[in-house]
Amino acid sequence: MKTPGLFAGVDAAFSRDGRFALAAAVLWDALESKALHIAIGRAPLRFPYIPGLLSFRELPAVLAALRKLPQTPDAVLCDAQGICHPRGIGLAAHLGLWLDLPTVGCAKSRLCGEAEEPPLGVGAAVPMTLRGVQVGVVLRTRRAVRPLYVSPGHLCDIAQSVAWTLAACRGFRLPEPTRLAHQAVTRARG
DNA sequence: GCGACAG
DNA sequence: ATCTTGTCGC
């Protein structure tokens with residue numbers, strides 16, 4: 001698939017009473033660099049946070065938010081890992097597999113795998129390996145700023161996950177879809 | 001036993 | 001993730 005023109009970005013947070021997982025799904029037009037729709041989803045929290053099992057805690061709310069979008073995006077960007085996961089199925093991969101949609105994992109920190117420090121320039125990327133095989137990259141999305149851990153979620157390869165992530169960045173560390181989703185869900189919790 | 005550990 | 005103020009830099 002070529003570079004998506006219509007992205008969706010998702011991110012989760014928690015209600016103040018700690019009983020629900022909240023999530024925002026932002027439909028974002030890359031050509032116009034603008035959000036077309038923002039939806040909020042909610043689901044009761046039934047699972048604790050366990051590294052490696054994040055999907056069980058956050059996916060229900062994420063799915064509820066995505067269901068409210070008026071259109072199906074070409075690809076979904078997630079604030080989590082894709083296949084750079086102990087079992088090869090981080091939240092982004094899990095979500096894509098379930099929805100049968102291309103997804104990318106754009107995590108802010110490392111869960112597993114090894115990588116060198118990438119050069120400081122925007123777009124610099126170094127391979128992220130797990131058990132000797134490359135599963136993603138550590139990508140600099142902003143000059144001299146903490147890099148992102150990018151890996152394919154579903155229906156895309158490493159090169160595409162990087163190209164798509166950069167295609168959705170607009171000067172901030174996080175790609176616009178997930179950055180806006182983070183703002184939206186943060187506002188939603190009051 | 002010790003350290004690591006997405007959000 | 002969430003709890004929290006000011007502060008340094010573009």
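Numbered from 1 within each chain, the chains take letters A, B, ... in sequence-line order. Everything numeric in this text was worked out from a predicted model, so none of it was measured.
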Under a cut-off of 3.5 Å for both distances of each Watson-Crick or G-U pair, what dot-bracket string does DNA chain B give, using [ ] for crossing pairs and | for inter-strand pairs? .......

Between A:S161 (side chain only) and A:V150 (backbone N and O only), is there a donor and an acceptor less than 3.5 Å apart? no

Please list, by residue number, the residues of residues 106-114 of chain A whose heavy atoms come closer than 4.0 Å to an atom of DNA chain B; answer none if no residue qualifies. A:A107, A:K108, A:S109, A:R110, A:L111

Would you confirm whether A:T141, through its side chain, and A:R173, through its main-chain N or O, come within 3.5 Å as a donor-acceptor pair? yes

Tell me what A:R16 touches on the nucleic acid: a base, only sugar-phosphate, or nothing, going by heavy atoms under 4.0 Å. sugar-phosphate

Taking the side chain as C-beta and beyond, is there a heavy-atom pair between A:L148 and A:V138 under 4.5 Å? no

Sequence neighbours left out, what passes salt bridge (Lys or Arg N to Asp or Glu O under 4.0 Å) with A:D17? Give chain and number order. A:R19

Residue pair A:L59 / A:H94, side-chain heavy-atom distance below 4.5 Å: yes

Criterion salt bridge (Lys or Arg N to Asp or Glu O under 4.0 Å) on A:E114 and A:R131, from CA distance to verdict: CA-CA 9 Å; A:E114 308 80 48; A:R131 299 160 196 153; over 6 Å; no

With side chains defined as the heavy atoms from C-beta onward, is the minimum distance between A:L66 and A:T72 less than 4.5 Å? no

Checking the side chain of A:R57 only, and the main-chain atoms of A:F47 only, is there a donor and an acceptor separated by less than 3.5 Å? yes

Partners meeting side chain to side chain donor-acceptor pair (under 3.5 Å) with A:H154 (sequence neighbours left out): none

Which residues share a salt bridge (Lys or Arg N to Asp or Glu O under 4.0 Å) with A:D79, sequence neighbours left out: A:K108

Where along residues 48-64 of chain A does a heavy atom fall under 4.0 Å from DNA chain B? A:Y49, A:P51, A:G52, A:L53, A:L54, A:E58

Sub-3.5 Å donor-acceptor pair from the side chain of A:R170 to the main-chain atoms of A:A167, do we have one? yes

Atom NE2 of A:H85 to atom C1' of B:dC5: distance rounded to whole Å? 11 Å

Spell out, as yes or no, whether a donor-acceptor pair under 3.5 Å connects the side chain of A:E32 to the backbone of A:K34. no

Distance-only, no hydrogens or angles: does the A:D74 side chain make a donor-acceptor pair with backbone N or O of A:L6 under 3.5 Å? yes

Out of curiosity, does A:V10 fall in the hydrophobic cluster containing A:Y49 (side-chain heavy atoms, cut-off under 4.5 Å, transitive links)? yes

May I ask you to list the residues of residues 86-96 of chain A, by number, that have any heavy atom positioned under 4.0 Å from an atom of DNA chain C? none

Under 3.5 Å, which donor-acceptor pairs link side chains of residues 180-190 of chain A to any protein atom two or more places apart or in another chain?
| residue | atom | partner | partner atom | Å |
| --- | --- | --- | --- | --- |
| A:T186 | OG1 | A:H182 | O | 2.7 |
| A:R189 | NE | A:F14 | O | 2.9 |

For A:R179, which residues count as a side chain to side chain donor-acceptor pair (under 3.5 Å) partner, sequence neighbours excluded? A:E176

According to the interplanar angle, ranging from 0 to 90°, do the rings of A:F7 and A:W28 count as parallel (below 30°), tilted (30 to 60°) or perpendicular (above 60°)? tilted

What residues 155-190 of chain A contributes to the DNA chain B interface at heavy-atom separation below 4.0 Å is none

If you write DNA chain C from 5' to 3' in dot-bracket form, with Watson-Crick or G-U pairs under 3.5 Å, [ ] for crossing pairs and | for pairs with another strand, what do you get? ..........

Any N/O pairs under 3.5 Å between the protein and nucleotides 7-10 of chain C? List them or say none.
none

Look at the side-chain heavy atoms of Ile, Leu, Val, Met, Phe, Trp and Tyr, link any pair under 4.5 Å apart, and say whether A:L166 and A:V104 land in one connected group. yes

